[in-house]
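Just below is one structure, and these are the notes that go with it.
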Amino acid sequence: RASGLGHILAISGLHMALISGAAFWMVRALLASSPGLAQRRPIKKWSAIGALLVATFYLGISGAHVATQRAYVMLAIMLLAVLLDRRAITLRNVALAAFVLLIIAPESILTASFQMSFAATIALVATYEELTAWSQSRPQLVDRHASGLSGWAWRFIIGLVVTSFVAGLATTPFAIYHFQRAAPLTMMANLLAMPLFGLLVMPMAFLSVLAMPFGLESLPLTVMSWGLSWIIDIAHQVSDLTGPAGGVRMVPALSLGLVVAGFLWLALWRRPWRIFGLIPIVLAVPLAALAPRADILVGADGTAAAARGADGRLTMIAATNARFTIENWLRTDADPRNVDAGDLSDGVRCDPLGCIAELDDRGKLSVVLRPGAFAEDCHLADIVVSRFEAPPSCGNKAVVIDRGRLSHFGAHALY
């Protein structure tokens, strides 16, 4: 996640494309070895059918998770376009795939995986369509070396750079919004790791499956393990270089909405006014940077609270079983401290009945862990948080967030 290689772990578009693409190429190469068959029969369509069968098999053995299903639907539509003599990779086909998926699971539009995968796909298709149109509009000289090994390697490197940059740029706003994390060195990591993954790991995985019925999978699996070890080493090196620089505090939903509107305007229009899509994207940056931060946070179960100190950092007032809540608060605040950091609860006093903390000049905050603490804390504290129902008299002096409010409103943020 820190290096920007987390997408390798999700069995989705990348894996599906590599597996089905390899199957398409192998079937077509075998059929093309017969000149008569290649000249008289639609071997490209036969190859598309073979690739679809392999993709269906891969969907089954992978567990058919939501991300894999989405990639399969998109791939099936692309291969269907080949069978119908239409262009396979177009924005129309991407839109059709999204339409099918939203009919099947309309709630998926709110998930990070749906948003990031379609953002990357739309950006890549739009970019390559524009680059193709631009190159075709320019007069070009024939390069005798373009079809050689050096020409192939050069095109591969350029394609990898463009793909990594465009996909990383398109998915970063969604990663920031959902995970409060950006990978500033993602291009470096992908440039180093993806050739290994695409040319070594996935082909060896494919060969190992083919070899398993004959008991010969040991060799391709060994070679695959070398590639995986190198990729893990790359991830470690890049994440060490990144350090805490990848943390981004939570941004408002309006910022993401502006970025999405501008992104779609840029990707879908083909006229000069597409450049106006940059306006909402630029406006989203100060909106995200200037968004107010909560002074006090209260967990949904009432066992944890956090107060922002004069230094801008959160102080945790929590029970020992609130680690998950604290981790989330630190991440959404772009705080690099670990949940076990010794200074997370500086100034907090706890006993078996609860915890209390000074809020600088704003009074005191109490987290009541046992009902017996209400008698004292309702008089001492200005804000009382508890998973129990507070006595009615407690609200005479303090702001009370108890079981009734938590069950009705959930987690709280006070500004």
Side-chain angles (χ1 to χ4, degrees), residues 1 3-38 41-80 82-83 88 113 117 149 152-153 156-157 159-160 163 189-238:
R1 187 161 57 243
S3 65
L5 294 175
H7 63 92
I8 289 178
L9 300 177
I11 303 178
S12 55
L14 173 67
H15 300 71
M16 190 68 75
L18 289 171
I19 289 293
S20 61
F24 183 89
W25 182 86
M26 289 177 63
V27 172
R28 195 173 185 186
L30 288 172
L31 294 174
S33 63
S34 171
L37 192 65
R41 300 297 181 185
I43 63 170
K44 182 179 180 181
K45 295 182 180 181
W46 292 358
S47 303
I49 295 173
L52 184 59
L53 293 174
V54 170
T56 304
F57 175 72
Y58 184 61
L59 175 70
I61 65 171
S62 69
H65 296 291
V66 175
T68 320
Q69 293 174 26
R70 182 171 55 251
Y72 176 80
V73 170
M74 192 178 299
L75 179 74
I77 290 173
M78 304 293 183
L79 293 174
L80 180 62
V82 174
L83 294 174
S113 60
S117 63
L149 182 61
W152 178 87
F156 177 80
I157 293 171
L160 191 60
T163 300
N190 279 278
L191 288 177
L192 294 172
M194 293 316 294
L196 288 169
F197 189 76
L199 298 177
L200 187 65
V201 173
M202 289 302 285
M204 289 298 107
F206 189 53
L207 287 177
S208 67
V209 174
L210 297 179
M212 278 179 186
F214 310 101
L216 302 175
E217 71 274 13
S218 175
L219 179 59
L221 285 176
T222 301
V223 178
M224 185 179 76
S225 72
W226 298 340
L228 290 174
S229 297
W230 293 335
I231 290 172
I232 291 171
D233 289 341
I234 291 168
H236 277 297
Q237 295 293 330
V238 174

Problem set entry | Pairs touching residues 197-221 that satisfy ring-ring contact (aromatic ring centres under 6.0 Å, His included), sequence neighbours left out | His15-Phe197
Side chains of residues 20-28: which donor-acceptor partners sit under 3.5 Å, not counting sequence neighbours?
unit_1 : atom_1 : unit_2 : atom_2 : d
Ser20  : OG     : Met16  : O      : 2.6

Problem set entry | Pairs flagged by side-chain hydrogen bond (donor to acceptor under 3.5 Å, both in side chains) wherever residues 190-212 is involved - sequence neighbours left out | His7-Asn190, Thr186-Asn190
Exercise. Heavy-atom distance under 4.5 Å between the side chains of Ile234 and Leu196, does that happen here?
Worked result: yes
Seminar exercise, completed: Applying salt bridge (Lys or Arg N to Asp or Glu O under 4.0 Å) to Lys45 and not counting sequence neighbours gives Asp85
Problem set entry | Nearest-0.5 Å distance that lies between atom CG in Leu30 and atom CD1 in Ile43 | 10.0 Å
Exercise. Once you round to the nearest 0.5 Å, how far does CG of Leu53 lie from CG of Leu79?
Worked result: 10.0 Å
For this session: Please list all pairs passing the salt bridge (charged side-chain N to carboxylate O under 4.0 Å, His left out) test where one or both residues lie in residues 47-64, with sequence neighbours left out.
Result: none
Only distances under 3.5 Å count here; give the side-chain donor-acceptor pairs of residues 225-233 to other protein atoms, sequence neighbours excluded, each with its distance to 0.1 Å.
unit_1 : atom_1 : unit_2 : atom_2 : d
Ser225 : OG     : Thr222 : O      : 2.5
Ser229 : OG     : Ser225 : O      : 3.0

Problem set entry | Beyond-backbone contact of Leu75 with Tyr58, side-chain heavy atoms, under 4.5 angstrom | no
Exercise. With a 4.5 Å heavy-atom cut-off, do Leu31 and Lys44 have their side chains touching?
Worked result: no
Exercise. Where do Ala189 and Ser3 come nearest, in terms of heavy atoms and distance?
Worked result: CB-O, 3.3 Å
For this session: Working to the nearest 0.5 Å, report the span between CG of Leu216 and CG of Leu221.
Result: 11.0 Å
